[in-house]
Structures are given as C-alpha cells and as structure tokens.
Amino acid sequence: MPTTDPPRSLNFIEQIIENDNTSGKHDGRVHTRFPPEPNGYLHIGHAKSFCLNFGLAEKYGGKCNLRFDDTNPTKEEEEYVESIQEDVRWLGFDWEDRLLFASDYFEQMYEFAVELVKQGKAYVCDLDAEQTREFRGSLTAPGKDSPYRDRTVEENLDLFTRMRKGEFPDGSRTLRAKIDMASPNVNLRDPVVYRILHATHHRTADAWCIYPMYDWAHGLEDSIERITHSICTLEFENHRPLYDWFLDQLGVYHPQQIEFARLNLTYTVMSKRKLLRLVEQGHVDGWDDPRLPTIGGLRRRGYTPETIREFCDRIGVNKFNSTVEIALLEHCVRADLNKRSPRVMGVLRPLKVVIDNYPEDQIEQLDAVNNPEDPDAGTRQVPFTRELYIERDDFMEDPPKKFFRLTPGREVRLRYAYFVTCVDVVKDEATGEVVELHCTYDPATRGGDSPDGRKVKATIHWVSATQSIPAEIRLYDHLFTKEFPEEAEEGEDFMANLNPASLERLTDCRVEPSLAGAEPGARYQLERQGYFCVDPDSTSESLVLNRTASLRDTWAKIQKAQQNKPKQKQPRRKK
Ligand code: ATP
Ligand code: MG
C-alpha cells in the first residue's frame, strides 16, 4: 500500500519553468528572488511568495535572492530589514551570500536613465504631481502630451544632471519615459522614472535626492541580478508591458515576469499599510501580536514553520484572486501540533474541589501519558492532593439533560487519577456563586480505571491546588468580526469591523507543575482546551501562555459546505 500522497501536479509556474528548461530559454538556469520593501513586517501573504520563490529554486537546483526593494526612503527602516531576514530564515530558507539591496544599484540605475535620455526616450518634465495626473487621462480618456515632452536631449541631460545635484525642490520636476500618452494601458502613458525627494535613506543616507520609481527600478534589479523568472502578484500584470519596454530599450538582460494570485484570508487584513495602522493606533500589541497574520504574530501565537509551509503548499499557486478560509490555516496548525505537542493539564477558570476522604497532607504522583500520538514521548507524573481545581464549566448544579460532567450526586473520572462523586456545594452567601465543591473519591479507581466495570460518562481534567503553578492564559478570536473585513458600511473602513473581543486574558489559571520554567516558544496541548505556546512575556516567576488554536476543527465542515456550493465565496465588489 502506498504510504505517501500521490505527487501533486505541476502548478502553472512550474510548467513554465519546465518548458523553459526544455527549450533552453535561460540556459536551464532557475534564479528567482523575493523582493520585499522594508516598510513593514512580513505577513503570511509574503510567506506564500517566498515559499514559492525559494521553493522553486530548491526544486530546480537554482538560486533565490533575498533582495530589499528599498527605493522609497521615507517609509523604510532598518528594523524592518532585520525582521524580514529573521522571518524568512525562521521558515527555513537560505539566501546564502545573496542578501541584496536595490539601493546598491542606484548609480547603475542612474546611468541607465541617462542612456534612456540620450536615446531620446526620456525627458525632464516640469508638471507638478497634480498636473501630471490630469494630463494622464483616465481608463476611458486618452492622456495629453506634456508641454515639456519635446525638450532636446541636451536640455534633458542638463536638467537631469542638475536634478541629481539637488538644484531643484521636491516635486518640481520628474524624469519621465517618452512612450505614448494615448496608450490604452495607463502605465505606458509616459510614466515617471525619477522623482526629486530630499530625504535620508536608511542605507545611502543623503547621497541621493532623486529616487527611482518602482516600475523602472524593479526590472533593472531583476536584470542586474540575472533573474530568470520574476514572480510577482496579479496587480502587476498590466505593468508587464512597461517592465518589458524598459529592458528592451536598454537592450539589457531580460527576465520573464510571471504573475500569480495574492493570498487573502477571511477575518483578517493582509496589507502592510493596514497592519501598520493597527499597530500604530494601538489596536494590537505590536507587529508580533498573536492576532495578526504577520509571520512574527503567527510565531508568537505558536505556529510552527512547518505549518506555514504546509499551508502555502496546500493553497497552491494560481491566476485567480480568491480568499482562503482562515479555518484551513487553523486546520493545518492543529494537524501539526497534534503530532508534536506534549499533553499537559491546566485549568483556565478554576473551581476548587476538596476530596473529603483523601488524607490531608498526602501527595500522590500519578502517571500521565505525554502524547498518545507519539509512542516515544513516554509518561510523566502529575501530583494529586486533597485540594484540586477543576474547570468551572465542568460543574453545573442544575444541569440540562445532555450535561454529563460533574453535578451534585454524580460520579466522573478525573483524568489519570480517580473516580470522584460530588457530595456538597459551597456558595458565596452574598452572590449565590458556587465557590467550592466537596467530593469523595474511590481509592480502588487509581489511574482512572474502574475495578468493577462501573461506567462514568465524563472524564475531566484537573490540577492540584497546592502543587500546580499559576499562569496567565491569553485566548484569541479573529481580529475582525466579518469574514471580509474590507466590506464596511458607507463612510467607514475595515477598522469599523474590528472584533472588540479578539483577546481574552485569563489571569487566574493553574497548570500542572511540569510547566515550571517552560521557555518562551515551548508548545503544549492543554487537554480539552487546545494548543498553547509560552509567550515571550513569560518569566521564571510568571508563566504566560497563548492559545494557538482550540481543539475544535471547523475546516472539515466548511469544506463539506463548499463542495456543495457551485462557486468559491468572494467578497462583495465595491461599486
Ligand atoms: P502589501 O500589499 O501587504 O503592503 P506589498 O506587495 O507592498 O505588500 P512587498 O514588500 O512589495 O509588499 O512584497 C514583497 C513580495 O511579496 C512581492 O513580490 C509581493 O508581490 C509579494 N506579496 C505581497 N503580498 C502578498 C500576498 N498577499 N500574497 C502573495 N504574495 C504577496
Ligand atoms: Mg509593494
């Protein structure tokens, strides 16, 4: 019987690469790049992109560069350069000695621009930003030629040189490619190539006061690095003619741009600009808030690199924009953590239980299985004492019919311990709230086994009141209440759909003593409560756990519903 899944079919990019390898288009080379702009932290959408780029290089024995597309000095910071490297490395990818910066090519890019001017294919334009926009026309109306379009090569060279020298104020002039103001593709209507910006760059400091625009810079970066397949997201599809035009005019090495659909996830937003707003306005606790879809957030939440890679593999690569259910991501993390997480017991909302017939000072060490999914994981000992804590909602004084857990007069199993029967309920006189239970235990049921075939309908978890350790536990819900947060009412935006209850902090939790000294990043399954990860806020005195995922997997249900539906769900289009 086959033990592995059948190999999946090639995605459309792999098909292109295999065809190119057959035809010898790039001499059989595969050289990709991941080109983040260092203006924010990476999110799982970026992971889709870099898993693809590094993955293709790995698969075809090629190379993948990590290249910072740092052409916009006002939004970029060293902090982001560091975090991006950390995140890519954490996911297990290696750029070897190819850590590259677009800013290292500024001189070359300038020389190429001078070349374009000399060819009569670029000119210095004195229209300001607003005029430039007006002249550009619209999707339905052609643009108008700039009055500066016919400057001589000499005049353009002189002005461009002086732009570089810093003789003109910001926004007063641009260098524009001379293509076609009537082109049906707006990107080809004399696009701006350089703008004047007196700003300090995180790497080149004040060496430059003109900066290249994305479309100009990006193709040149790819060409300089001799990238074979330049993979980007679909919104750049109608920039491709411009990408090609620039490289063709210059007659330089010409990579192939290929577009694929970006990743969107339900119940979250995925643009750095929007994530930055959430961070800066304090709606979340920094870029690595466990509710964010950032790599740092997912890491802090307890996701593993393997989960993220598996998820990116499962969603695949295609040409149509769609939104992936966040439940699929959660399904992947559960499947992964189920295999690798040691099981422990912890009580989130403790209710005290006194075992009346248990000796006062006795501490018994009971064997508990570490991971039923992993026979090598062995067992550990959990201390049992007269005073315990159980989960508040595992007891009901006046239960409905289908409640099988603890209630007055009923016997249940304490996991790995004993059968206990509730004999008394102590309440707060003022509020009527249940504050303590009294139970008796049956010593013959040690380990949780029934000696006489007697059955109980529920097994509940517990910790010793005196031997357990305190913990803070943070429970997370989706950051937004809506499946498609961008769908907001008139006059509002995605911020209006923030979930006010996305974080619940439980500060009175108790966990078994084996968690003492657990290091940040350590992962556990708290039996019946989900998968948890030790937060970096933890100290040796106070343990803080993040819930990575509950145990309830909604993916199978969603998948079934989707199979019965003709089409994948899409957000409503804005009119
Ligand atoms: P954002 O829209 O989130 O601000 P960006 O596209 O501006 O992202 P870049 O730093 O330019 O961010 O992106 C680096 C690479 O990651 C690009 O090749 C981009 O196409 C890709 N990328 C960004 N977001 C996604 C996404 N949601 N799915 C797939 N790839 C993405
Ligand atoms: Mg971008």
Side-chain angles (χ1 to χ4, degrees), residues 11 13 32-57 64-72 74-77 79-85 87-88 91 93 95 100-103 202 212-215 217-219 221-222 225 227 229-240 243 255-280 287 292-298 308-309 311-324 326 328-329 484-486 494 571:
N11 66 44
I13 300 181
T32 56
R33 84 284 175 266
F34 173 60
E37 188 186 347
N39 62 348
Y41 279 60
L42 297 183
H43 52 62
I44 189 161
H46 295 110
K48 175 175 177 175
S49 172
F50 68 77
C51 286
L52 176 65
N53 279 296
F54 280 96
L56 289 169
C64 180
N65 297 353
L66 175 61
R67 178 211 305 149
F68 287 100
D69 205 348
D70 55 349
T71 54
N72 182 358
T74 56
K75 291 188 179 160
E76 296 162 2
E77 286 172 29
E79 175 195 350
Y80 300 137
V81 171
E82 297 297 323
S83 77
I84 289 171
Q85 292 181 60
D87 290 347
V88 176
L91 271 158
F93 297 109
W95 53 86
L100 303 165
F101 292 85
S103 53
H202 75 115
M213 302 304 286
Y214 176 87
D215 285 316
H218 204 81
E221 294 158 22
D222 286 343
E225 294 174 15
I227 297 304
H229 302 86
S230 171
I231 300 165
C232 61
T233 41
L234 277 184
E235 65 273 24
F236 290 101
E237 195 164 17
N238 48 26
H239 292 241
R240 178 158 27 95
Y243 182 101
Q256 175 66 51
Q257 178 179 307
I258 302 167
E259 308 86 18
F260 73 105
R262 60 195 296 126
L263 168 66
N264 299 299
L265 275 181
T266 54
Y267 296 104
T268 191
V269 293
M270 198 83 88
S271 115
K272 281 186 283 193
R273 196 171 42 80
K274 290 176 186 150
L275 297 174
L276 182 65
R277 245 176 94 188
L278 292 169
V279 172
E280 283 185 337
W287 282 101
L292 291 179
T294 52
I295 308 288
L298 291 167
I308 296 173
R309 288 179 72 156
F311 171 75
C312 289
D313 205 45
R314 275 188 72 152
I315 57 175
V317 185
N318 59 52
K319 274 263 178 202
F320 306 96
N321 278 320
S322 66
T323 302
V324 175
I326 201 163
L328 175 61
L329 179 63
F484 303 109
E486 323 273 352
F494 69 100

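All ligand and atom numbering here is 1-based and tracks the order in the structure.
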Quiz item: Is the shortest N/O to N/O distance between F236 and ligand 1 below 3.5 Å?
Solution: no
Quiz item: Considering residues at least two apart in sequence or located in another chain, which fulfil the salt bridge (charged side-chain N to carboxylate O under 4.0 Å, His left out) criterion with R314?
Solution: none
Quiz item: Out of E37, R262, K274, who gets a non-hydrogen atom closest to atom 6 (O) of ligand 1?
Solution: R262
Quiz item: Is there any salt bridge (Lys or Arg N to Asp or Glu O under 4.0 Å) pair reaching into residues 260-269, and which pairs are they, with sequence neighbours excluded?
Solution: E235-R262
Practice problem: Would you check whether F34 has a nitrogen or oxygen atom less than 3.5 angstrom from a nitrogen or oxygen atom of ligand 1? | Solution: no
Practice problem: Tell me which one of V317, I84, T233, L234 gets a heavy atom nearest to atom 19 (C) of ligand 1. | Solution: T233
Quiz prompt | Nitrogen or oxygen atoms of F260 and ligand 1 under 3.5 Å apart | solution = no
Quiz item: Between the candidates E259, H46, K272, R67, which shows the shortest non-hydrogen contact distance to atom 23 (C) of ligand 1?
Solution: H46
Quiz prompt | H43-ligand 1 polar pair, N/O distance under 3.5 Å | solution = yes
Quiz prompt | Crowding at NZ, K75 (>12 non-hydrogen neighbours, <6.0 Å) | solution = no
Practice problem: Fit a plane to each ring of F54 and F50, take the angle between them on a 0 to 90° scale, and name the class: parallel (under 30°), tilted (30 to 60°) or perpendicular (over 60°). | Solution: perpendicular
Quiz item: Under 30°, 30 to 60°, or over 60°: which ring-plane class applies to Y41 and W287, parallel, tilted or perpendicular?
Solution: parallel
Quiz item: Under the 3.5 angstrom rule, does the side chain of D70 hit a backbone N or O of S103 as a donor-acceptor pair?
Solution: yes
Practice problem: Check ligand 1 against P36 and write out every atom of the ligand that is under 4.0 Å from a heavy-atom position of the residue. | Solution: 10 (O), 14 (C)
